[in-house]
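Quick notes on the structure that follows.
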Amino acid sequence: MQLGLVGLGKMGGNMRERLRRAGHTVVGYDRNPDVADVHSLKELVDTLAAPRVVWVMVPAGAPTQATVDELAELLSPGDVVVDGGNSRWTDDIKHAEALADKGIGFVDCGVSGGVWGRDNGYALMCGGDAKNIATVQPIFDALKPEGPAGFVHAGKVGAGHFAKMVHNGIEYALMQAYAEGWELLEAADVVTDVREVFRSWQEGTVIRSWLLDLAVRAMDDDEHLDGLRGYADDSGEGRWTVEAAIDHAVPLPAITASLFARFASRQDDSPQMKMIAALRNQFGGHAVTTAAPHADAATPSKEADAG
């Protein structure tokens with residue numbers, strides 16, 4: 001079938017290639033003319049035969065909103081828009097309602113697979129009416145991994161991105177657990193080869209996973225990760241997962257802690273630790289380190305914490 005694809009970055013560009021390998025016709029638009037097949041959304045829409053399917057792979061928020069708004073003016077009744085970015089599920093409902101007023105269908109699709117998806121396939125979590133899902137199904141079938149798993153019609157509009165949000169929240173917690181275990185192993189003198197410990201876990205253990213494989217791959221490139229700064233950003237889904245947990249009164253201590261750990265990674269000089277150091281000095285006389293690099297630290301106390 002024909003597909004219009006908006007956004008040809010790391011994910012979108014690889015998706016275009018995988019779909020073309022499967023025999024589909026993909027017309028891609030990107031603001032970067034070096035990778036685009038057409039040079040405007042109007043040209044993309046005019047190139048496709050009706051009924052059209054246009055898949056949007058642009059950053060969540062304002063870029064997605066602007067793209068959907070423009071497509072609403074260009075597409076015709078019976079066409080379908082798929083949002084495959086990491087949009088917030090509540091935005092999907094607004095987009096679906098606005099497009100429905102013009103007779104245009106909408107499907108939200110959470111996509112997982114990263115830069116490896118081109119060859120391995122993408123896990124797809126979709127939300128929307130069964131009719132619209134069926135229209136796009138040949139594309140889903142080409143993008144998913146081989147075999148029975150890898151695609152789900154998760155529910156009504158918003159369900160796909162809600163499922164992907166929870167997926168990414170779980171990912172936060174899994175990565176944090178591996179990172180904490182790695183740091184403890186690195187800190188213990190008794191363990192002399194942390195990388196090979198991780199490698200030994202890749203087969204036969206209950207914690208083997210693709211993330212573990214990627215951790216070993218990273219250590220093969222830089223055994224002690226000396227070339228990296230301990231800074232981790234978050235793309236939004238972790239925050240949304242915690243907010244949804246609050247809305248539904250569902251406890252998520254591991255996912256929440258992993259999100260806060262990322263916040264802590266961005267502090268070169270933690271304000272919280274300043275207060276903790278000050279309190280320990282006040283109640284126990286424990287050493288504090290002053291901000292000036294040349295200043296002498298206070299003499300360490302030999303007493304245990306008094307509190």
Open item on the list: Within the 4.5 Å heavy-atom criterion, are V38 and T47 side-chain neighbours or not?
Closed with: yes
Open item on the list: Give me the atom names and distance for the closest heavy-atom approach of R18 to Y122.
Closed with: CD-CE1, 4.0 Å
Open item on the list: For the residue pair Y178 / S209, report whether a side-chain donor-acceptor contact shorter than 3.5 Å exists.
Closed with: yes
- [ ] With rounding to the nearest 0.5 Å, note down the distance linking CE in M219 to CZ in F198.
- [x] 5.0 Å
Task: Contact summary for G9 and D30, nearest pair of heavy atoms - done: N-OD2, 4.1 Å
Open item on the list: I'd like to know if K164 pairs up with D83 as an ion pair, taking the criterion as any Lys NZ or Arg NE/NH1/NH2 lying under 4.0 Å from an Asp or Glu carboxylate oxygen.
Closed with: no
- [ ] Examine L3 and I133 and state if one hydrophobic cluster contains both, with Ile, Leu, Val, Met, Phe, Trp and Tyr joined whenever side-chain heavy atoms are less than 4.5 Å apart.
- [x] yes
What pairs of donor and acceptor atoms, side-chain ones from residues 100-121 against any protein atom, are under 3.5 angstrom apart with sequence neighbours left out?
| from | atom 1 | to | atom 2 | distance (Å) |
| --- | --- | --- | --- | --- |
| D108 | OD1 | G158 | N | 2.7 |
| D108 | OD2 | G160 | N | 2.8 |
| D108 | OD2 | H161 | N | 2.9 |
| S112 | OG | H167 | NE2 | 3.4 |
| D119 | OD1 | R21 | NH1 | 2.9 |

Task: Pairwise distance CE(M175) to CG(L211) - rounded to 0.5 angstrom - done: 6.5 Å
- [ ] List the atom of L124, the atom of F140, and the distance in Å for their closest heavy-atom pair.
- [x] CD1-O, 3.5 Å
- [ ] Kindly say whether G169 contributes a backbone atom to a donor-acceptor pair with the side chain of E237 at under 3.5 angstrom?
- [x] no
Open item on the list: Walk me through whether E43 and V27 qualify under side-chain contact (heavy atoms from CB on, under 4.5 Å).
Closed with: CA-CA 10 Å; E43 186 179 352; V27 181; over 6 Å; no
Task: Steps toward side-chain contact (heavy atoms from CB on, under 4.5 Å) verdict (V56, V82) - done: CA-CA 6 Å; V56 179; V82 181; over 6 Å; no
Open item on the list: Taking V68 as the starting point, is it possible to reach L48 by hopping between hydrophobic residues whose side chains are less than 4.5 Å apart?
Closed with: yes
Task: Heavy-atom closest contact (L225 atom, W182 atom, distance) - done: CD1-CZ2, 3.7 Å
Open item on the list: I'd like to check E223 versus D193 (side-chain heavy atoms, cut-off strictly below 4.5 Å). Are they in contact?
Closed with: yes
Task: Same cluster (ILVMFWY, side-chain, under 4.5 Å), W210 and M125 - done: no
- [ ] Could you please spell out the steps behind the side-chain contact (heavy atoms from CB on, under 4.5 Å) verdict for V45 and R52?
- [x] CA-CA 8 Å; V45 171; R52 307 170 187 86; 3.6 Å; yes
Task: Within-4.5 Å side-chain heavy-atom neighbours: L71 and D79 - done: no
Task: Electrostatic pair E243:R88 at N-O distance under 4.0 angstrom - done: yes
Task: Point-to-point distance, once rounded to the nearest 0.5 Å, from CG of L143 to CE of M15 - done: 5.0 Å
Open item on the list: Are I139 and H24 packed together at the side-chain level, in the sense that at least one heavy-atom pair is separated by less than 4.5 angstrom?
Closed with: yes
Task: Salt-bridge criterion met for R199 and E196 (N-O under 4.0 Å) - done: yes
Task: NZ/NE/NH1/NH2 to OD/OE distance under 4.0 Å, K156 and D129 - done: no
- [ ] Can you see which heavy atom on A159 is nearest to which on A154, and at what distance?
- [x] CB-C, 3.8 Å
TODO: Please lay out, stage by stage, how E73 and D69 fare under the test side-chain contact (heavy atoms from CB on, under 4.5 Å).
DONE: CA-CA 7 Å; E73 300 303 318; D69 289 345; over 6 Å; no
Open item on the list: Could you see if I207 belongs to whatever hydrophobic cluster contains V191? Use Ile, Leu, Val, Met, Phe, Trp, Tyr and a side-chain cutoff under 4.5 Å.
Closed with: yes
Task: Salt bridge present between K42 and D46 (N-O < 4.0 angstrom) - done: yes
Open item on the list: Under a plain distance cut-off of 3.5 Å, with no hydrogens placed, do H224 and E186 share a side-chain donor-acceptor pair?
Closed with: yes
Open item on the list: Before you tell me yes or no, could you show the steps for S87 and D91 under side-chain hydrogen bond (donor to acceptor under 3.5 Å, both in side chains), namely the whole-Å CA-CA distance, both residues' side-chain angles and the distance that decides it to 0.1 Å?
Closed with: CA-CA 7 Å; S87 294; D91 290 343; 5.5 Å; no
- [ ] Is it possible for you to say whether L184 and V190 belong to one hydrophobic cluster, with membership spreading through side-chain heavy-atom contacts below 4.5 Å?
- [x] no
Task: 4.5 Å side-chain heavy-atom contact, V6 and M57 - done: no
Task: Min side-chain heavy-atom separation D37-R16 under 4.5 Å - done: yes
Open item on the list: On a heavy-atom basis, which atom in S258 and which in Q176 lie closest, and how many Å separate them?
Closed with: CB-CB, 3.7 Å
Open item on the list: I'd like to check N32 versus L8 (side-chain heavy atoms, cut-off strictly below 4.5 Å). Are they in contact?
Closed with: no
Open item on the list: Rounded to the nearest 0.5 Å, what separates atom CG in N132 from atom NE2 in H153?
Closed with: 9.0 Å
Open item on the list: To the closest 0.5 Å, what do you measure between CG (L259) and CH2 (W240)?
Closed with: 12.5 Å
Open item on the list: When you measure from the side chain of R20 to the backbone of E17, do you find a donor-acceptor pair of N or O atoms at a distance under 3.5 Å?
Closed with: no
TODO: Please round to the nearest 0.5 Å and tell me the distance separating atom CG of N86 and atom CG of N168.
DONE: 6.0 Å
Task: Student check: side-chain heavy atoms of M1 and V136 closer than 4.5 Å - done: no
Open item on the list: Please check if the number of heavy atoms outside D226 that lie under 6.0 Å from its CG is greater than 12.
Closed with: yes
